[in-house]
Each structure stands twice: as C-alpha cells, then as structure tokens.
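Here's the structure, in structure tokens; my notes come after.
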Amino acid sequence: MDALTSEVPSTSSVAHHATGSSTISAANESIPERGKSNSSSSLMSRMVLNDNKAGMEGLDKEKINQIIYEASKGSKFYENERKKEEQLNLRIKEQQFQMDKLTPGKLQEGIREADRIIENLNQRYDLSHTIVHVDMDAFYAAVEMRDDPRLRNKPMAVGGMGMLSTSNYIARRFGVRAAMPGFIGLKLCPDLVMVKPNFTKYTAVSHLIREIFATYDPNFCPMSLDEAYLDFTSHLDWRITSSAIDRTFLLRPRSVLDASNIESSADSACVCDLNKVLRPLLVSSDELQERTLSDFSVSTVIEKLCQNSERFKICPECQKSFPSFKAKVYGVSTEDAVLEMRNRIEQRTLLTASAGIAPNTMLAKVCSDRNKPNGQFRIQPSREEVTNFVESLPIRKISGVGKVTEKLLGALGVSICSDLHLQRGVLYHLFSPTSFRYFMRISLGLGSTLIERDGERKSMSTERTFNELNQPEELYEKCRELSRALAEDLQEDRLVGKTVTLKIKTVAFEVKTRSHTLQYDTNDENKIFQAAKQLLKTEMKAEAPQPLRLRLMGVRMSKLSSDSGRCTLTSMFQRQMEKNSVTGTAPAKVDVEDKPSDRLDLTGLAGTSDVVEGDFHCIESTGDDDCAITSSDCDMQNVEKWDQNDNGCSEFDVKRLLEAKRHTAKKGSQGKGKQTVSILNFVRKADEKQTPKVCDESEDSSCSLFENSKSEAVVVIDGEYEEAVPERGDILFAKVPSEAVPEFTNEEPDLVRCPICCQQKRNWPLDLFNDHVDLCLNKQTIKDILQDQESQMASTSSSTPSDLNMTTNRKRQKQDVQLPSQKKGVKRSKGQSSLLSFFK
DNA sequence: GCGGATCAC
DNA sequence: TATGGTGATCCGC
C-alpha cells in the first residue's frame, strides 16, 4: 500500500534527520563509513542494493553498489530511474515545505487528534488470536537445489539474464537477490549459476505444503506459492485435548532426506513421506488404540512395533523397506505446533520453511523473517511484548512500507516504528487519513487478526516485454495477441469485465496506462481487442509523426463479474427458444456475447446459411483491402473506404458510418433499405404481422432490438466504437430480408411476453415491460445465488480448502494494512428489490 | 472514471 | 545485449 502520494511535507524540527535531498545511496544508513559523500555522483536510493532480506546482513554494500552502478549507468533504465528519483526528491521538498508551515499550535492539534485516533485503535487491541506466517526458504532456488545436487554448494539463482526470481543463500552473500537482473548478478558473482524457473514443479510443491497447512487451518490464506497466513487459534485449542498419538509424527533424519532425493539403486529404501504412508497405518493399529498413552510411551510403542512387526517394514506405496526414522511426539504448545508443521513440511518436500508467530498478521510476517532460514520466532501475546518488539523495528520491515515510503518517512526523521509515534503530530498533517491510520497501527503493533480467503478478483491482465516494436502493424499484432490471451484467461475463469486498460512502456521505460469502460461486460477477444486497439491508436497518434517505440505492452480487464449463471438477454432468449421450440415460436435470437465474431447465422431461417444478397445491403468484412461499403441506397457518401491498418485487417471508421447514418435519417429518405444502417453480428427479423413492439435495451445497451419503419425487427449493435468497429467476418446491414423471417405463429399481435418468466400481457407498455424484465433477471440471479450458496454450504464442511485446486500460479493477494475490507457481494443491478419482495 | 505511483511476491 | 508479470490499492483530478 502506498497512500503517500501527494501533499507530504516534513518538519524542520527533524531536518537534521532528513536524508531528503538526492545526495547519496540511502536505504538504511546505519553503516558508519557512510560519511563519504557521493563520489560516484548519483547513487540513487532506488538503485542501490536492497538488503532488506534474510541472508543479506553485513554485506559490503559500498562495493556492491558500485558494481551495480557501473553495470547500470548510462542505460535507458538507469536514466528513467534517475528521473523517478528526482521526482521523489521534489516530493520530499514539498513535504519539507509543508512541514515548515506547521505552527506549534497546528502540531499540538495534530498530536491531540493523533492521540484520539490511537485511543480508538487501542480499543481494538486483540491478543486472542495466534497467527502464523509461513514462508518457504529461498523457495524456487531450494527446489532446484533439491533436485540437482550439483547446485547445492554453488551460488545460484532462478531466473534469466533479464531478471532473477530467487537466489540461494550462497549467492546472497555476493549481493545477488531476487528482482535483480541476471546480468548484474553475474557481475556481482561471476560464478553464479542461473537456472530457468520451472513453475510446474513449484506449483506441485505448493500443493504439498498447502495440504499440510490445511490440517492446521482449513481457512488458511495463501499469499503466493510459498507463503501463507494461518490462524492457529482453533488448532491450539484442539491440541490441548489431543492425545499424544495425534501429536506424533515420523521423522527421517536429514541425512536420509538428503540421500532420498538422489538417484540410487532399485533396492534402496523407500523415499515416501512416512507421515503419508506409514503414520496412518500406525495410528489405526490396535497397538496404538490406547489413546491415553503418554508422550513417552507412544514413541516406545511405535519403535517396538516397527521393529517387530512385518506390517510396518515395507512401504505399501513403493514396496521398498522403510528407511530409519524416529517418532517424535510434539507438545501442546504453540511453538511445538508450529515446529511440528515445519517438520512435516520438510519431511514431505525436503525443503525447509520458516515461520512467524504473533497475535496478528502484520507482526507474524515480520517474525517469519527473524530466524530465517529454517527457523521460527514468536512474539508472546502480551501488550508489553508487542510494544517491545515494535519499538526498535525499522519501518522498512513492515509489509506495505517500500523504499519510497521509507525515504519519505526518513525525511521526517522516522526510521523505526517508535518514531511514528514520536512524529505523530507531523504525520497527522502531512499524510492522508488512511496513511496516518496505517502508521499509527504499525506503531502500536496492530494488525489483522482475521485470516480471510481472498474475495472476488478485481482485475485480470496480460503483459509482455519484448524487443523494441514501433511499426503499427507489429504493435497491433502484439495488441491482438495480448487481447486473445486475456480473453482466454477470462473465459477460463468464466469472468467478464467492463473496463479495458492498455498498458505501454516506452523504450525509455516510461509507463502509461489508458483505459476505456465499455457499456457492457465482455470476455470476447474481438471486443477486447477493438477497445485496446483504439487506445493504442490514440497513443500512436499522439506520438506522430514519430513512431511509438515500445518495449512492453499489456491489456487488463477490470470491473469484473462472474459469467456463470449470468442472466444476459442472450441466455434468456436462448432459454426461451428452447422452451418454444416445441410450439414453434422463435423469438429473436440475440447472440452477442457468445459468438460475437461468428457470421450471420441464417441457418433455419430462410433455409440457407449463406449471406443473402440482393435485397440485403450487406457487406461482409473480409479484411481485404478492397472491402468497401456498397450499400446501394443508403447515403453512405461520407463513409470512406477502410483504412488499411492492423496487419492487413481493415479498420473501419465508425464515426463516419454513424455520421452517415444520421445523415440518412435526417434526409428522411424512405426508399428501400434506407432506413437503417446497422452494424451487427447477428440479426433476425420478425414477421410483418408479428412485429414485436419491442424496443428492448437490455443490460447490454449497445445491443438494441427495435422496429424500423418497415416493421422489421432489427438488432443493432452500434453503441460505441469498440463494439462498432467491424471485424473480419462481421456483416454490415442496411436492411433485413423479409424472407428470412421466423414465424411467430403462436402469438397474438399485441401480446408481449416476458422471455424469462413467460408472463404475457397485451399491449404491455415498453417501460413497464422493461422494468418487469429487469426484475425477472434479478429474480433469476437471486435464485442462482441462493442455489450456489446452498451447494456451497453443503460442501463447506469439507476441511480441504478449495484453493488447493490451484490451476495457475496467478494469485490474488490481500494486505492486512488496508481499510476494512469491503466484501463484495454479488453484483446488484439497478432497481433490484429486496429478497422478500421476490419471494413473498 | 482515469492515470500515475507504490507495493508485494 | 541485457532491468519481469500479476494483482491490488490509494490519491488527485
């Protein structure tokens, strides 16, 4: 979290503390020889080594930073960083200015207000939870080392020349760390071995550890493949009453573990996790049914059993003999419980984890880093212990305080958490209420005590870095690829969204985002592409006559909702069609969302699946250069031919088309086929006799069904440019053929029927009809929701969290530092009535 | 609603 | 030769 953007000043009373100006390498300057001024001139705080990581204590930062600087200076990346640094320094100056303006009276007021807020926060002090943060040690690197013993004694990192994701502890001694480009890692450590990441493997390991997590807290909250928050409170309660057997686990010694992952002869010992294959056998054996066995006797009994009984000598999984192991009975204490979990993880994965134990997530996170690797640390749940711990803690250790916040606060004389309290009067005035509150919570050692699963996802995106692209066709092609990938991802998760955002990064590393909100939800590749392309086009124009030179492009969809069970007009009509197929009625088929780029489907209408010509004034966009508007009577003079664009795919200037349409309407020409210029993907027409008095604008306002002067029902998709720009395969219509008319044989002329509930009314006024349909849609939605909930309720009792079924390494995260989470319920449509009104 | 910035992993 | 991808939030406008 940031929240620290704008008006952030500093006080002059702490000016001597301030590292405000751009002077030297900043970060945490506890190193005494820091007195040396910036001889290497612009060592920026944002370019120096971030050693805020386990295994990076006491490095020769001076030397490392020099190497980093030498490797970076003069690059485009470096120049951009320098620019950002200057910006930050400006912000600090502004902060300083604001602080200087603070009068003693103002400061007093700030302190008063701060104390009031603190008092308030204190009311919520809650030490009743035991929160555990677990973090695998150097996860990706550890997996690779485990699987390739040759890597074990070498400095290595996972990643490539471009970027490293993790480094092992040996490499960290050289200053090589995550988020560092590989080529710099090589400069710091010429012997560095770089290994390509293998996410499939990491995901598999993640499954294993999550299975174990779930046994301590079925509602644990994974933050990434290798990290999670768990609420141990309930487990610890259970532990008190548990038997010794419940707390007994089988441990292969480390030497056995190390050997177990090395290729060996067929007759070697079993390498399965004994807690998976052998422990269940033991636990259910008659000999161990005596639940009152003492801690001591359990291990003795197990030992004897395994020595004497053949049943416990051969692994049922691999048929090999079990290796040597010991049975360890863990105590009922918090520390024992966490140690047990970590040991089980190690037995299962041959990898070590570290853990932090504290009354809330904020502290637990800090603790898990304290005794890394392969260690754990606990803050006792007392007010004193918490205060003690927090007091001297550098603010940078807190999740949510990054290097910018660190520097901003540093300029105010705040570097450790107790400083936040000392400077509360100033902070109150200089930061937003959100930020201030966050700071006060930190200084008190307050954090979230609730471990919540992530709510609904809020956005989904795809972005790619590449070698410079600057040709329009190349850029459009990239945009197309990204749109396609995003559409696929959205569809896989059955999500649709409204806001399309284009992200670009120029070759100078400047990042821009441009977004557009559609009138409707979609996850269709073409729709997304049209929007993104338009945004891209605008950016290219802004750059003209220079080419737009990019090194990255991304497409994001936000304002998401679920596509499953969604009550679109589409699905309504489809449902209705199915119902009516027996009786022969066939309401207009509006199929925009599902098959947007399909050709006009006249199958079953006029007995042909081809595009009908002649009376039609239709043009199919073939994407060819020679594609032109040929509508005969429609006044299309303002419509020029398609721009050649987008990699051979023609682009149509819709504004002009719409202009032509308006023009036509104004002229009032009533000749054949002149009334309507519709851009559409699908169209159906009603029988003259049965012309529906429909002018139905569904939730998808870009898709309207209306009646033209020929008493024809036409589906028009002509809202905004995104949906209007014809794509290859789209069809432009000026008129609808009367041959292709489905018969509404079973309906009376003025009878209007709700497509959802099938209620019929004569001369149903349009607005009332719309309201009714709205209501019906909601009703169906509610039903679906309730059904969902019921089925969920039925399955909640299962202790296995659904998240164990990870399919991608995409993750959602949640920070405890934010405002109270606004749990997003299911989206409500306008005019939704209460549940009661639906069902009474 | 949009765009820039910050942060975590 | 060469500095990532995904998701979230906050702030100011």
Side-chain angles (χ1 to χ4, degrees), chain A residues 1-8 46-47 50 52-53 68 71-72 75-81 84 87-88 91 135-136 139-140 159-166 178-187 197 199 202 222-228 365 396 398-408 431-435 438 454-468 482 485-486 489 498-505 509-518 535 551-560 808-819 821-822:
Chain A
M1 99 139 228
D2 159 38
L4 313 176
T5 51
S6 65
E7 13 86 66
V8 186
R46 54 187 325 114
M47 285 296 290
N50 175 0
N52 180 33
K53 196 165 184 70
I68 294 177
S72 302
S75 68
K76 296 245 172 77
F77 176 80
Y78 181 83
E79 289 310 311
N80 187 251
E81 289 298 297
K84 288 199 278 187
Q87 245 175 288
L88 178 55
R91 219 169 120 186
D135 195 338
M136 300 296 290
F139 186 47
Y140 298 170
M161 279 306 219
M163 189 56 58
L164 303 178
S165 329
T166 331
M180 176 180 277
F183 72 93
I184 290 187
L186 273 180
K187 287 210 157 69
F199 286 101
Y202 312 146
M223 301 301 288
S224 61
L225 288 182
D226 78 315
E227 228 190 280
K365 175 84 171 101
R396 186 65 169 90
I398 276 97
S399 173
V401 176
K403 49 185 168 189
V404 171
T405 307
E406 179 188 28
K407 189 165 173 176
L408 282 172
F431 289 87
S432 72
T434 311
S435 296
Y438 170 59
D454 293 332
E456 301 169 15
R457 107 169 21 242
K458 296 186 173 56
S459 72
M460 189 182 266
S461 65
T462 304
E463 69 187 58
R464 214 55 54 186
T465 294
F466 38 75
N467 290 325
E468 171 169 354
L482 292 164
L486 177 59
D489 289 352
K498 259 192 162 69
T499 301
V500 176
T501 302
L502 175 78
K503 175 177 173 182
I504 58 177
K505 192 192 281 179
F509 286 89
E510 292 163 341
V511 177
K512 286 179 194 162
T513 60
R514 295 291 179 264
S515 62
H516 179 83
T517 301
L518 303 171
L535 294 166
R551 76 181 328 274
L552 170 145
M553 192 186 297
V555 182
R556 177 167 74 240
M557 183 67 88
S558 48
K559 293 210 172 22
L560 300 181
T808 71
N809 60 354
R810 290 247 173 77
K811 69 231 162 173
R812 275 166 277 160
Q813 54 208 22
K814 159 180 86 96
Q815 297 174 359
D816 64 306
V817 297
Q818 305 304 352
L819 288 175
S821 63
Q822 329 85 324

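Hydrogens, waters and symmetry mates are skipped; everything else that's a heavy atom, side chains included, is used. Here is how names work: the chains are called A, B, and so on, in the same order as the sequence lines, proteins then strands, and each is numbered from 1.
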Exercise for review: Using atom types as modelled and distance alone, determine if a side-chain donor or acceptor of R464(A) lies under 3.5 Å from a backbone N or O of M553(A).
Suggested key: no

Review point. Would you say the side chains of S72(A) and S75(A) form a donor-acceptor pair under 3.5 Å?
Key: no

Exercise for review: Can you figure out which of dG1(B), dT9(C), dG4(C) approaches the side chain of T517(A) most closely?
Suggested key: dG1(B)

Point to revise | Nucleotide nearest T405(A) (side chain, heavy atoms from C-beta), chosen from dC11(C), dG4(B), dT6(B) | key: dT6(B)

Practice item. May I ask you to verify if any side-chain N or O of T465(A) is less than 4.0 angstrom from the OP1 or OP2 atom of dG5(C)? Key: yes

Point to revise | Candidates dA8(C), dT3(C), dC10(C) - which lies nearest the side chain of M47(A) | key: dT3(C)

Review point. Base, sugar-phosphate, or nothing for L552(A), non-hydrogen atoms under 4.0 angstrom?
Key: sugar-phosphate

**Study point:** R514(A), nearest nucleotide to its side chain (from dG4(C), dG4(B), dC11(C))
**Key:** dG4(B)

Study note, to complete from the structure: Separation of dT6(B) atom P from F431(A) atom CZ, nearest Å, is 13 Å

Study note, to complete from the structure: By nearest-heavy-atom nucleotide on DNA chain C, the more 5' of S459(A) and P433(A) is S459(A)

Check your understanding: Counting only distance, no hydrogens or angles, is the base of dT6(C) paired donor-acceptor with the side chain of T462(A) under 3.5 Å?
Key -> no

Check your understanding: Looking at dA8(B), dG7(C), dC7(B), which one has an atom nearest to any side-chain atom of R457(A)?
Key -> dG7(C)

Practice item. Would you mind telling me which of dT6(C), dG4(C), dC10(C) lies closest to the side-chain atoms of K505(A)? Key: dG4(C)

Check your understanding: Across the strands shown, which category fits K84(A) at heavy-atom distances under 4.0 angstrom: base, sugar-phosphate, nothing?
Key -> nothing

Revision key, fill the gap. Of D226(A) and R46(A), the one whose closest nucleotide on DNA chain B sits nearer the 5' end is R46(A)

Exercise for review: For residues H516(A) and L535(A), determine if any side-chain heavy atom of one lies less than 4.5 Å from a side-chain heavy atom of the other.
Suggested key: yes

Point to revise | Residue whose closest nucleotide on DNA chain C lies nearer the 5' end, R551(A) versus K503(A) | key: R551(A)

Point to revise | Flag side-chain contact, heavy atom, 4.5 Å: E406(A) against N52(A) | key: no

Check your understanding: Is there a side-chain contact between R551(A) and T465(A) (heavy atoms, below 4.5 Å)?
Key -> yes

Review point. CG of L225(A) versus P of dT6(C): gap in Å, rounded?
Key: 14 Å

Exercise for review: May I ask you to evaluate whether S515(A) reaches the phosphate of dG3(B), defined as a side-chain N or O under 4.0 Å from OP1 or OP2?
Suggested key: yes

Exercise for review: Considering only NZ, NE, NH1 and NH2 on the basic side and carboxylate oxygens on the acidic side, decide whether K84(A) and E81(A) come within less than 4.0 Å.
Suggested key: yes

Practice item. Output yes when at least one side-chain N/O atom of K365(A) is less than 4.0 Å from OP1 or OP2 of dC7(B), else no. Key: no

Study note, to complete from the structure: From NZ of K76(A) across to P of dA2(C) the rounded distance in Å is 9 Å

Check your understanding: Between atom CE in M223(A) and atom P in dT6(C), what is the gap in whole Å?
Key -> 18 Å

Check your understanding: Hey, does the side chain of T513(A) come within less than 4.0 Å of dG3(B)'s phosphate (OP1/OP2), counting only N and O?
Key -> no

Study note, to complete from the structure: Taken to the nearest whole Å, OH/Y438(A) to C1'/dA8(C) is 14 Å

Practice item. For dT6(C), take OP1 and OP2 only and decide whether either is under 4.0 Å from a side-chain N or O of S461(A). Key: no

Check your understanding: Considering only side-chain heavy atoms of S435(A), which listed nucleotide, dT6(C), dC9(B), dC11(C), is closest?
Key -> dC11(C)

Check your understanding: What is the distance from CG of L502(A) to P of dC2(B), rounded to the nearest Å?
Key -> 13 Å

Practice item. Could you check whether the rings of Y140(A) and Y202(A) sit parallel, tilted or perpendicular, using 30° and 60° as the cut-offs? Key: parallel

Check your understanding: What nucleic acid atoms does E227(A) come within less than 4.0 Å of, heavy atoms only: base, sugar-phosphate, or nothing?
Key -> sugar-phosphate

Check your understanding: Is there a side-chain polar atom (N or O) of K498(A) under 4.0 Å from OP1 or OP2 of dG1(B)?
Key -> no

**Study point:** Nucleotide nearest M460(A) (side chain, heavy atoms from C-beta), chosen from dA5(B), dG7(C), dA2(C)
**Key:** dG7(C)

Point to revise | Under 4.0 angstrom between T499(A) side-chain N/O and dG1(B) OP1 or OP2 | key: no

Practice item. Would you classify S165(A) as touching base, sugar-phosphate or nothing, given that sugar-phosphate means primed atoms plus P, OP1 and OP2, and contacts are heavy atoms under 4.0 Å? Key: nothing

Review point. Is there a side-chain contact between R396(A) and N50(A), using heavy atoms and a 4.5 Å cut-off?
Key: yes

Exercise for review: Could you tell me whether S75(A) contacts a base, only the sugar-phosphate backbone, or nothing, with contacts defined as non-hydrogen atoms closer than 4.0 Å?
Suggested key: base

Revision key, fill the gap. From the candidates dT3(C), dT6(B), dT9(C), the one with an atom nearest any side-chain atom of K458(A) is dT9(C)

Review point. Out of dA8(C), dT6(B), dT3(C), which has the shortest distance to the side chain of F77(A)?
Key: dT3(C)

Review point. Quantified in whole Å, what is the C1' atom distance between nucleotide dC7(B) and nucleotide dG4(C)?
Key: 15 Å

Check your understanding: Starting at CD of E510(A) and ending at C1' of dT3(C), how long is that distance when rounded to a whole Å?
Key -> 16 Å

Check your understanding: So does R91(A) get a side-chain nitrogen or oxygen closer than 4.0 Å to the phosphate oxygens (OP1/OP2) of dT6(B)?
Key -> yes

Check your understanding: To the nearest Å, how far apart are R556(A) CZ and dT9(C) C1'?
Key -> 11 Å

